[in-house]
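The shown structure was predicted, so the numbers you read here are calculated from the model rather than taken from an experiment.
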Amino acid sequence: MGSKKVVGFVGLDDVSLEMAASLIDSGYVVQAYETPSSLMDEFSKLGGKSCASPRETGEGVVALVSLVSHPDQVDDVIFGDEGVLKGLDRESVIILHSNLSPPHMLKLEKILSESNEMGYLVDIHAMKDVSDALNEKVMIIASGGSESISLAQPILSAMSGKLYVLDGKLGAGSKIKMVIDLLEGIHFVASVEAIALGTHAGLHPWILHDIISNAAGNSWVFKNHLPQLLSGNRTQFQFLGPFIQTLGLVLETAKSLIFPLPLLTVAAQQLIAASLHGKKDDDDTPLLKAWEKVLGVSIIDTANAERYKPEELASQICTKSDTVKRIGFIGLGAMGFGMATHLLKSGFSVIGYDVYKPTLSRFADAGGLIGNSPAEVSKGVDVLIVMVTNESQAESVLFGDQGAVPALPSGASLILSSTVSPAFISQLERRLQSEQMNLLVDAPVSGGVKRASDGTLTIMASGSNEALLHAGSVLSALSEKLYVIKGGCGSGSGVKMVNQLLAGVHIASTAEAMAFGARLGLNTRVLFDVITNSGGTSWMFENRTPHMLENDYTPLSALDIFVKDLGIVSREASARRVPLHLSNAAHQLFLSGSAAGWGRLDDAGVVKIYETLTGVKVKGKLPVESKESILKSLPSEWPRDLTDDIHSLNQQNVKTLVVLDDDPTGTQTVHDIDVLTEWSVESLVEQFSKGEKCFFILTNSRALSSEKATALISGICRNLAAASKLIENVDFTVVLRGDSTLRGHFPEEPDAAVSVLGEMDAWIICPFFLQGGRYTIGDIHYVADDDRLVPAGETEFSKDASFGYTSSNLREWVEEKTGGHITASHVTSISIPLLRKGGPDAVCTRLCSLQKGSTCIVNAASDRDMAVFAAGMIQAELKGKRFLCRTAASFVSARIGIVPKEPISPHDLGINRETSGGLIIVGSYVPKTTKQVQELKSQCGHFLKTIEVSVNKVAMGSPQEREEEINRTSEMANNFLGNHKDTLIMTSRELITGKTPSESLDINFKVSSALVEIVQRITATPCYILAKGGITSSDLATKALEAKRAKVVGQALAGVPLWQLGAESRHPGVPYIVFPGNVGDSNAVAEVVKRWARPSRASTKEILLNAEKGGYAVGAFNVYNLEGVEAVIASAENEKSPAILQIHPSALKEGGAPLVACCIAAAEQANVPITVHYDHGNSKDEMLKVLELGFDSVMVDGSHLSFEKNILYTKYISDLAHSENMLVEAELGRLSGTEDGLTVEEYEARFTDVSQANKFIDATRIDALAVCIGNVHGKYPASGPKLKFDLLKDLYDLSSKKGVCIVLHGASGLPKEMVEECIKLGVRKFNVNTEVRKAYMDALNGSAKKDLIDVMKSTKEAMKAIVSEKMRLFGSAGKAR
């Protein structure tokens, strides 16, 4: 690539000469080729270098600006033998400053691309900015591919006072020029029509110009070009031929797009008509002469007549005006009500009338008097003001039934402020004179409702001197600008008529222009901004376009008003035989809108005609994109994993990454990283000394006011600087980690950091965050919503009461947040094509080329993009560059090369059932959080206890209400957690905001501090804590939990950080889940809570499978009462053993459902796995009832049946039980002995047959098989048990292959050696009954104590001894999970 400081120009005009001058002033070397001319002489005087050919001009340049006015010039200037391509480097960028149409531009780009001659082309439209702020500096609109724009941007910025960058296809500048041309053409013709009508009405053209230039009918063309016309001077419209040709190109483009431009068509026809009336481009005849012929009005002679100053006349009238005490006011609509109430505030006595009775009541409440008819209002007044909608209403209130005129006192004056025609005023004056009333003042007003109520209207008054003197004090009180128009009554309405002609045409032309711009594919918000700084602007354009952009047609001025006002224009023009083609075309548009039913909408709603006909939408919002489509449209990712490269670069880089996190959610993508919540120099020295490449400091600055956040960041940076100097070879880079949806203190925090650390080479803006669905593509930041990408400025996050914004384009966002201190045009970016095609080296080159103090946006759509940028940034740092980063979480993990790991589970941290419940705190108010909480309660409500904190009480209530609410919540939470219940504390969901951002922050603080106090008062230690929302999680960590350090161990879910609290905290080592308010779908919180919640009651199948894996057995202990249940639970908890509470049919018969409920409740409260099992269900009717009682598992006992019937019975119950997720145990073979009164004689007993077992398991699909291998129920004979271990081995070999567990009944009395052998051979469940029952009975019979409590205690202890012994024997002790 050529020298970075050389720019070439091929062709010069006035604008490009100024651009070249700006480049020279900025330190660039500028060389140019142009045929000899005064422009080249001027260029040389500026210090520019002249070249002999386009080819020479292109040599050694970083960019070449080419002025091409016609497609035929392209071949010579660009492709010719001495064309610029012969001298240009391939890496240079061509900047076309031309009048080429967009199709020609795209054709040129295609030729250059296919010929492989040039890769970078930018199209610009440059013009003088007409705004006062830029004082005619050059304004540039640039378009092109993101890479081309990035290369050209430094040059474009240096050449312009205002730069608009439109990434994408070429031709946007040309398109915007077409829209401006459209408006200038319409405004020019409208200005001429207005002056013609006014002149014919006897109004002085210069007076009209001076008044309307400060009124709603003004346009840049009217204000700046009309004086030239009136003076006979040349204007840009002097030569009609080229101007007609320019408008013809616009009309041809519209035709190709099948888009109607009725106003421009009429304006162009008017221009053609002028050109046919003797005005040739090569003569010096005043242009206005041609228009006089077209319109039949002598304008020039009238303009040369003696002038006067309407404001001076008004001043004289007001100085000498009569005293007025009582005013009558008819018509208390929006304007009239404001005027009348302002007169009350000004000290006048006002009596009002309106047909709408509620308005009369409002007026009385404001201090006014009310009358019941126009006549009643008119009695005894000095001045009567009529402010009704139209001529018909004026006629009615003045002369109709109970009309005002007959009741007016002699000597009273009448002010008519309605917009009516001059002809109506003249007629009214004659009628009043016939009744000897001579004090009529024609005084239409302009300015809107607010100005009416403020007394700052513009009033155009006319009438006799006597009438004006009598009413002068009233007119003065109502106006900021009062004009007295000579010519008698009707002249004031004549000025208003001309103003309304222009205002109406300008509203309609605004609609036509903005709709056409939308059809051209332009960003309508940018289009609006450009036009307001161009010759196409007007008062109405600037006032009404925002309504169109917001699609908000709340009627501030109804569309039907311009049906009336332009109707007045049309009638007057017809009566005076003045042909106003353009004004009448605009009137037809308003009529069309009214006919479509939009008459009561705001007059900006006339744009709906274009939208309805063509399908375009002017509404200035970025489109919601298909996520799949937009991601597929991007280039392929950089092919190589850069993790090792980043690690290697970090080893060379002495800089530690210090992340100042404005809430705890910034740790979303990292693991094994320290978080500090205090930042004393000593703590920072200790942290730096560890030599780790990154650590976080939790600032929680988003919860603070701007001033406090600024002071906080400054203080931290001072401490960081001080600490780093105390340790050898330590430096650091600061990352201001902020919200990925752009909320937070920007630019205050970066400004604060720079004030301490010094100016940076660049600020890096990088809000990409994959886990949160945040993408930056083409400088636009998107938020993923399912399969759509929504521009961030259109999401609920942008409506934040404290940190709201409107811009989705990050360039514009920077300008918006900095209040224009950093303009969008001066923000550069790293594009996705650069990341994916150029890799880290290209990133490094781009960063190193930035001017010091730049602001740079990073586009990214994948973690690989982020890694490419990180590697390139480290390379730039190794070359000495210093950066300050404002980023989301993904940047941090990429920058230090963290490899993601799977979400952390409770098991990973050793959390088990012994702990209390978890604590979930929800403070975030974003809509996403509210949806997530609703889903959490829906999915987890069966085990989750919910406490809602009233925001009204803690934020808006009295101190006592606040204290009571905090105390109530903490007491309930302590109780729930102590009873092993997961507990949700959530703020009530109504969002309360203040009138200002600072008030909203104060409310947030009160709510957050209440949650802190609640958690401070909770004494139980939760097994985990989940905090939802950035501010909430920060305050809880630092204030409620008193954590000064924590370790980020990973994530509980993608994008959801998991910390372990430091030793100094109130709950050392407790997992702290920091759940951002804006992360995850509706199920996300429920998913995490279900994973982390205190484990629910284990299943019997889970217990037995764990036993199988661990090679031990679990005891199933028959229970009959509360003492038995508590004995098993207590033993299990002491021994840390799983256990099964088992109920026999006879026990169920006596204890019923309450016994089952007691067992279930005990199992749920236990801190080890406990399940409830029903034993020996041998009746179908009995089993059908049992299945509804809540057991975890059942034993289907068909052993008394034949083999075939056993299969049928067992299968029937097994299918039903499995549908309820119950484990099913069945018995094959039959045990002898007695259990709970059921006896099986020895001759009935039989061993389990292996072949039958095979068939039985397949047919019934049972989960556990109770086998008979010589075991018995009850006591074994004196000779002792005789078990067939070989049979047991065969049965286990069979069942284990089928996933079925072996159960052995009759474990009581088996010697230790046999039990151990059974376990070795595969028994996983032993039923224990006889020994436990005996222990109970022995304790009961042997108790000398009579008190029932003592009996309960002694029997329980006796049973515990047996149960504990069995658990140790079975090997289950210590195996609880």
Side-chain angles (χ1 to χ4, degrees), residues 658-668 670 673-680 683-684 695-717 719-720 734-746 748-750 752-753 800-803 886-889 892 921-926 929 987 997-998 1000-1016 1025-1046 1048 1056-1057 1059 1061-1062 1064-1066 1072-1079:
V658 181
V659 185
L660 307 189
D661 199 355
D662 71 1
D663 72 30
T665 61
T667 53
Q668 291 165 299
V670 301
I673 296 290
D674 288 333
V675 179
L676 279 62
T677 65
E678 63 92 25
W679 41 86
S680 65
S683 297
L684 294 173
F695 65 90
F696 278 73
I697 296 176
L698 176 56
T699 68
N700 198 31
S701 59
R702 205 186 312 163
L704 304 178
S705 66
S706 175
E707 295 76 15
K708 290 180 179 179
T710 297
L712 177 69
I713 298 301
S714 298
I716 294 174
C717 288
N719 287 6
L720 284 167
V734 169
V735 174
L736 297 166
R737 203 297 304 183
D739 179 58
S740 63
T741 56
L742 308 179
R743 298 170 297 169
H745 292 292
F746 179 89
E748 293 85 355
E749 289 187 354
D800 188 281
S802 301
F803 303 109
R886 178 77 179 187
T887 79
V892 179
I921 310 288
V922 176
S924 169
Y925 279 95
V926 297
T929 291
T987 51
S998 60
S1000 295
L1001 277 174
D1002 185 56
I1003 291 170
N1004 291 345
F1005 173 76
K1006 288 179 179 178
V1007 174
S1008 183
S1009 62
L1011 292 175
V1012 166
E1013 288 187 57
I1014 289 166
V1015 176
Q1016 284 174 331
I1025 301 169
L1026 186 153
K1028 186 77 168 80
I1031 294 173
T1032 302
S1033 54
S1034 177
D1035 283 349
L1036 292 182
T1038 58
K1039 299 173 184 176
L1041 303 175
E1042 300 173 13
K1044 293 184 178 180
R1045 283 179 173 271
V1048 184
V1056 181
W1059 299 1
L1061 300 175
E1064 78 294 336
S1065 70
R1066 287 180 57 211
Y1072 186 56
I1073 300 171
V1074 180
F1075 210 121
N1078 56 13
V1079 165

Heavy-atom closest pair, residues Ser680 and Asn719: CA-ND2, 4.1 Å
Heavy-atom pair with the smallest gap, counting every atom of Ala1037 and Tyr1072: N-OH, 3.5 Å
Donor + acceptor pair across side chains of Asp662, Asn700 (<3.5 Å): no
Test item: Thr1038 and Leu698 side chains (from C-beta on) under 4.5 Å apart, heavy atoms: yes
Close side-chain approach of Val1074 to Val1056, heavy-atom, < 4.5 Å: no
Under 3.5 Å donor-acceptor, Asp674 side chain and Phe695 backbone: no
Pairwise side-chain contact, Glu1042 with Glu1064, heavy-atom cut-off 4.5 Å (strictly under): no
Sidechain-backbone polar pair: Thr699 side chain, Asp661 backbone, donor-acceptor under 3.5 Å: yes
Donor-acceptor pair between Glu749 and Thr710 side chains, under 3.5 angstrom: no
Result of checking Leu660, Val892, Leu676, Val1048 against Phe696 for side-chain contact (heavy atoms from CB on, under 4.5 Å): Val892
Pairwise side-chain contact, Ser706 with His745, heavy-atom cut-off 4.5 Å (strictly under): yes
Minimal non-hydrogen separation, Leu712 against Ser701, with atom names: CD2-CB, 4.0 Å
Pro750 side chain near Leu736 side chain, heavy-atom distance below 4.5 Å: yes
Closest approach of Gln668 to Pro1076 (non-hydrogen atoms, all atoms of both residues): NE2-CG, 2.9 Å
Side chains of Thr677 and Lys1044, donor plus acceptor under 3.5 Å: no
Ile697 and Leu720, any side-chain heavy atoms less than 4.5 Å apart: yes
Pairing of Glu678 and Arg1045 as salt bridge, 4.0 angstrom limit: no
Main-chain N/O of Phe746 paired to Glu748 side chain as donor or acceptor, under 3.5 Å: yes
